Amino acid sequence: MAEKPVLYYFNGRGRMESIRWLLGAAGIEFEEVYLEKREQYEQLIKEGRLMFGQVPLVEMDGMNLTQTHPILSYIAAKYNLYGKDPKERYEIDRYADGTIDLMGLGLAYPFLDDAGKEKQKGLIKERATNKYFPVYETALKDKDYLVGNKFSWADIQLMEAILMVEEFHSDILSCFPQLQAFKERTKKMPTIAKFLLPGSPKKPFPDDKYVATVKAVLKM
């Protein structure tokens with residue numbers, strides 16, 4: 001039996017959360033090593049395991065996988081969530097990148113001051129409503145999934161993005177019936193439903209402890 005992937009990151013969402021989502025959706029169990037001290041991070045660098053001195057790091061298939069997008073691409077391809085040909089993979093990458101851009105606004109939110117957070121909430125709503133969600137709404141017209149009408153990494157990213165935005169604006173999908181239907185379908189998929197259960201590897205909304213740990217480890 002192959003060894004479980006091991007994820008090295010902080011005990012919180014950050015850039016590792018999409019990787020957790022993808023593995024969870026693929027039905028793959030994994031282990032996590034949480035970075036809580038600066039010394040752990042420095043040891044990974046000393047061992048040459050971080051190509052650019054950055055986490056996330058995923059230990060998998062005898063490799064040290066680094067850089068978020070390549071990690072996601074590798075996992076998606078390995079578990080048949082990356083389309084059937086280069087054209088579909090391009091489409092999946094394109095849709096996934098849109099959600100990554102949108103979720104980047106949520107990643108920054110916990111590290112802002114109160115005024116910055118209020119502004120960021122407004123920006124998340126504006127970008128989701130006017131830039132990103134209309135694209136996915138159109139793409140899902142008359143089909144269940146974004147690419148090739150088959151469940152893929154792009155759909156997983158979209159589900160994650162929808163739930164992230166709803167944490168800031170619970171009614172964000174009121175004008176997007178296709179996305180509402182997509183969300184309801186997707187959350188009933190067995191692996192997704194399991195990942196959304198309490199006690200799963202899915203991380204909660206970032207708190208002050210998470211922010212303080214990240215700042216201490218990375219000397220921000």
Side-chain angles (χ1 to χ4, degrees), residues 1-34 49 54-104 106-107 136 139-140 143-166 179 181-204:
M1 182 179 294
E3 293 185 2
K4 295 178 182 179
V6 181
L7 282 51
Y8 293 80
Y9 200 69
F10 309 100
N11 187 9
R13 291 181 183 175
R15 297 189 182 280
M16 187 63 87
E17 190 69 356
S18 291
I19 297 168
R20 297 183 185 106
W21 264 90
L22 184 53
L23 287 168
I28 304 303
E29 294 184 356
F30 54 88
E31 298 176 354
E32 298 202 57
V33 176
Y34 297 131
R49 302 179 69 187
Q54 299 170 320
V55 288
L57 165 67
V58 177
E59 192 178 273
M60 184 176 184
D61 295 340
M63 298 183 292
N64 292 311
L65 305 180
T66 58
Q67 303 302 114
T68 308
H69 197 125
I71 294 171
L72 290 164
S73 298
Y74 179 86
I75 294 170
K78 180 178 176 69
Y79 297 111
N80 197 29
L81 293 164
Y82 205 19
K84 69 178 186 296
D85 55 35
K87 182 178 179 180
E88 286 195 356
R89 288 192 287 275
Y90 163 73
E91 291 293 336
I92 289 169
D93 278 338
R94 187 165 63 158
Y95 285 125
D97 270 10
T99 51
I100 289 170
D101 289 346
L102 176 57
M103 288 190 291
L107 289 180
Y136 300 103
L140 287 166
K143 60 181 182 179
D144 289 342
Y145 305 113
L146 289 169
V147 179
N149 208 22
K150 181 182 178 183
F151 187 64
S152 74
W153 167 33
D155 302 297
I156 299 164
Q157 289 275 155
L158 178 56
M159 184 65 173
E160 182 187 359
I162 287 171
L163 296 184
M164 183 277 288
V165 176
E166 285 186 329
L179 290 183
F182 168 84
K183 175 189 168 185
E184 293 305 309
R185 286 193 305 272
T186 304
K187 74 180 185 180
K188 293 176 183 176
M189 297 181 68
T191 56
I192 299 292
K194 182 179 179 180
F195 189 73
L196 293 175
L197 288 173
S200 82
K202 182 180 181 296
K203 303 304 180 192

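We number each residue from 1, following the sequence as shown. Computed from a predicted model, the values in this text were never measured in an experiment.
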If I compare all heavy atoms of [X] with all of [Y], which pair ends up nearest, and what's the gap?
X	Y	value
Glu29	Pro5	O-CD, 3.4 Å
Ile71	Pro56	CD1-O, 4.0 Å
Ala76	Leu22	N-CD2, 3.8 Å
Leu72	Ser18	CD2-O, 3.6 Å
Ala25	Ile192	CB-CD1, 3.6 Å
Ala139	Leu146	CB-CD2, 3.8 Å

Non-hydrogen side-chain atoms of [X] and [Y] separated by less than 4.5 Å:
X	Y	answer
Leu102	Val165	yes
Ile156	Phe151	yes
Leu7	Glu31	no
Ile162	Phe182	yes
Asp93	Tyr82	yes
Leu179	Leu158	yes
Ile100	Gln157	yes

Only counting residues at least two apart or in another chain, list the ones meeting salt bridge (Lys or Arg N to Asp or Glu O under 4.0 Å) with [X].
X	value
Asp144	Arg185
Arg49	Glu47, Glu59
Lys187	Glu184
Lys78	Asp61

Give, for atom [atom1] of [X] and atom [atom2] of [Y], the distance between the pair rounded to the nearest 0.5 Å.
X	Y	atom1	atom2	answer
Asn80	Trp153	CG	CH2	14.5 Å
Thr191	Leu23	OG1	CG	11.5 Å
Leu196	Met159	CG	CE	5.5 Å
Arg15	Met103	CZ	CE	10.5 Å
Met60	Tyr74	CE	OH	6.0 Å
Ile75	Leu65	CD1	CG	7.0 Å

Fill in: Lys194 atom NZ, over 12 foreign heavy atoms within 6.0 Å
no
Worksheet item: Just wondering, more than 12 heavy atoms not from Lys202 lying within 6.0 Å of its NZ?
Response: yes
Listed partners of [X] passing ring-ring contact (aromatic ring centres under 6.0 Å, His included), at least two apart:
X	result
Tyr9	none
Phe195	Trp21
Tyr8	none
Tyr136	Tyr95

Item to complete: Without swapping roles, check the side chain of Lys87 against the backbone of Tyr90 for a donor-acceptor pair under 3.5 Å.
Response: no
Worksheet item: For the side chain of Arg13 and the backbone of Pro204, is there at least one donor-acceptor N/O pair under 3.5 Å apart?
Response: yes
Sequence neighbours excluded, which residues qualify as side-chain hydrogen bond (donor to acceptor under 3.5 Å, both in side chains) partners of [X]?
X	value
Arg20	Glu17, Glu32
Glu88	Lys84
Lys183	Glu166
Asp97	His69

